[in-house]
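Structure, as structure tokens:
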Amino acid sequence: MTCTEFLAQLDDMLDQDAAIPLRADLQEHLRECDHCEVTLSTTRTTIQIYRSHELYELPEDLRERLHKAIMAKCKKC
Amino acid sequence: MSAAVQILKPFMSSSIQPQGAAEVHPDVLLVERARRGDMAAYEKLVKQYDRQVFRIAQHIVQNREDAEDVVQDAFLKAYQKLDQFQGNSKFYTWLVRIAVNESLMRLRKRRTGRMVSIDEDVETEEGSMPRDLADWSPDPEALYGQSEMADILRRTIQGLPPGFRVVFVLRDVEGLSTEETAETLGLSIPAVKSRLLRARLQLRERLSRYFKRRNGQAQGGEK
Ligand SMILES: [Zn+2]
């Protein structure tokens, strides 16, 4: 398996539950290819880091202001 | 919403359903009530999804005032179009679709004369093949403080073309399925998949420079 072939499957590997073992041919490529191993693990980390950080929090006071404005507009239409 | 109400909700909705019927999503019941003029029901939907809509809008327009406007306009539009909502898709994905369209319109207005669509800037080859192959520190979170980390993540994702950014946000941050993301953006499933992969790889590439294993840092494992 070439790296390009491996990377074509990256999507499925990232979306599949990490607890489920990878297909045997993919595992074999990972064992012998550091590049793909790093790509898979760091891409996984990328997704996980973005998921676990709230980058745009909605402050409570702004939230209330928005609610009022939205409901007032809706009532008028 | 209080914890008590959240716990009660499934029971409340199932008690309305006759035995054996397919479970109706609680949102659908709220939409029905809102259609009949129950403003409190609509306010519930607003409270349920305002944070997500704000987040998605911020990711697309990258500007707080515009994001605030998008939240207002999206919920107003959704209210006006409630009659068009078909129970066959989730209310949330239907709402997100409206919010994404509003966000793209804002972006277009701001960059006058420049067309912005989710089809923009996608013909780049960057990110299809990883270049930076240095391994990362075993715990990138430990390298930076909370707010510094948030800055890095914001700056990094802002560098992606809008058409990649929005797919990554919907799919990986907000947790929509590939099918829902495709439906929301009016894209084919293969188009969503290819953008998602490129977005992920580009983010990874860009984050590498912050998270790379430093010289002298202990190597974990035997590799
Ligand atoms: Zn490889």
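Below, all heavy atoms of this structure are taken into account, side chains as well, without hydrogens, waters or symmetry copies. Proteins come first, then strands; the chains are lettered A, B, ... in the order of their sequence lines, and each starts at number 1.
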Among the listed options A:Leu14, A:Asp11, A:Thr45, A:Leu66, the residue most often paired with chain B at heavy-atom distances under 4.5 Å: A:Asp11

What's the separation between atom CD1 in A:Ile70 and atom OH in B:Tyr79, rounded to the nearest 0.5 Å? 13.0 Å

Give, for atom OH of A:Tyr50 and atom CG of B:Leu203, the distance between the pair rounded to the nearest 0.5 Å. 5.0 Å

What distance do A:Asp12 atom CG and B:Lys193 atom NZ have between them, rounded to the nearest 0.5 Å? 5.5 Å

Which atoms of B:Leu207 approach chain A - backbone, side chain, both or neither, heavy atom under 4.5 Å: side chain

Residue among A:Lys75, A:Arg63, A:His67, A:His35 with most heavy-atom pairs under 4.5 Å to chain B: A:Arg63

Would you find more than 12 non-hydrogen atoms of other residues, nucleotides or ligands less than 6.0 Å from B:Gln146 atom CD? no

For the candidates B:Asp135, B:Leu153, B:Val71, B:Leu76, which exhibits the highest count of non-hydrogen atom pairs separated by less than 4.5 Å from chain A? B:Leu153

Atom pair NZ (A:Lys73) and CG (B:Asp73), whose distance is rounded to the nearest 0.5 Å: 5.5 Å

So which atom in B:Leu197 and which in A:Leu7 form the shortest heavy-atom distance, rounded to 0.1 Å? CD2-O, 4.1 Å

Using a cut-off of under 4.5 Å for heavy-atom pairs, which of B:Leu196, B:Ile157, B:Thr178 has the most such pairs with chain A? B:Ile157

Under 4.5 Å from any heavy atom of chain B - which part of A:His53: side chain

Hey, could you give me the CD/CZ distance between A:Glu54 and B:Arg51, rounded to the nearest 0.5 Å? 8.5 Å

Restricting to salt bridge (charged side-chain N to carboxylate O under 4.0 Å, His left out), what partner residues turn up for B:Arg97, sequence neighbours left out? none

Please walk me through it: do A:Leu55 and B:Arg55 pass side-chain contact (heavy atoms from CB on, under 4.5 Å)? CA-CA 8 Å; A:Leu55 299 183; B:Arg55 208 155 52 209; over 6 Å; no

Under 4.5 Å from any heavy atom of chain A - which part of B:Glu174: neither

Could you go through the side-chain hydrogen bond (donor to acceptor under 3.5 Å, both in side chains) check for A:Thr43 and B:Arg200 one step at a time? CA-CA 7 Å; A:Thr43 309; B:Arg200 286 164 164 177; over 6 Å; no

Spacing of CG belonging to B:Leu201 relative to OG1 belonging to A:Thr46, to within rounding of 0.5 Å: 9.0 Å

Note: B:Phe54 and A:Glu57 closest approach over all heavy atoms is CE2-O, 3.5 Å

Heavy-atom proximity to chain A below 4.5 Å, by part of B:Glu43: both

How about A:Tyr56 and B:Arg64: do any of their side-chain heavy atoms sit closer than 4.5 Å? no

Test log, rule salt bridge (Lys or Arg N to Asp or Glu O under 4.0 Å), inputs B:Arg171 and A:Asp15: CA-CA 10 Å; B:Arg171 184 71 186 69; A:Asp15 292 330; 3.4 Å; yes

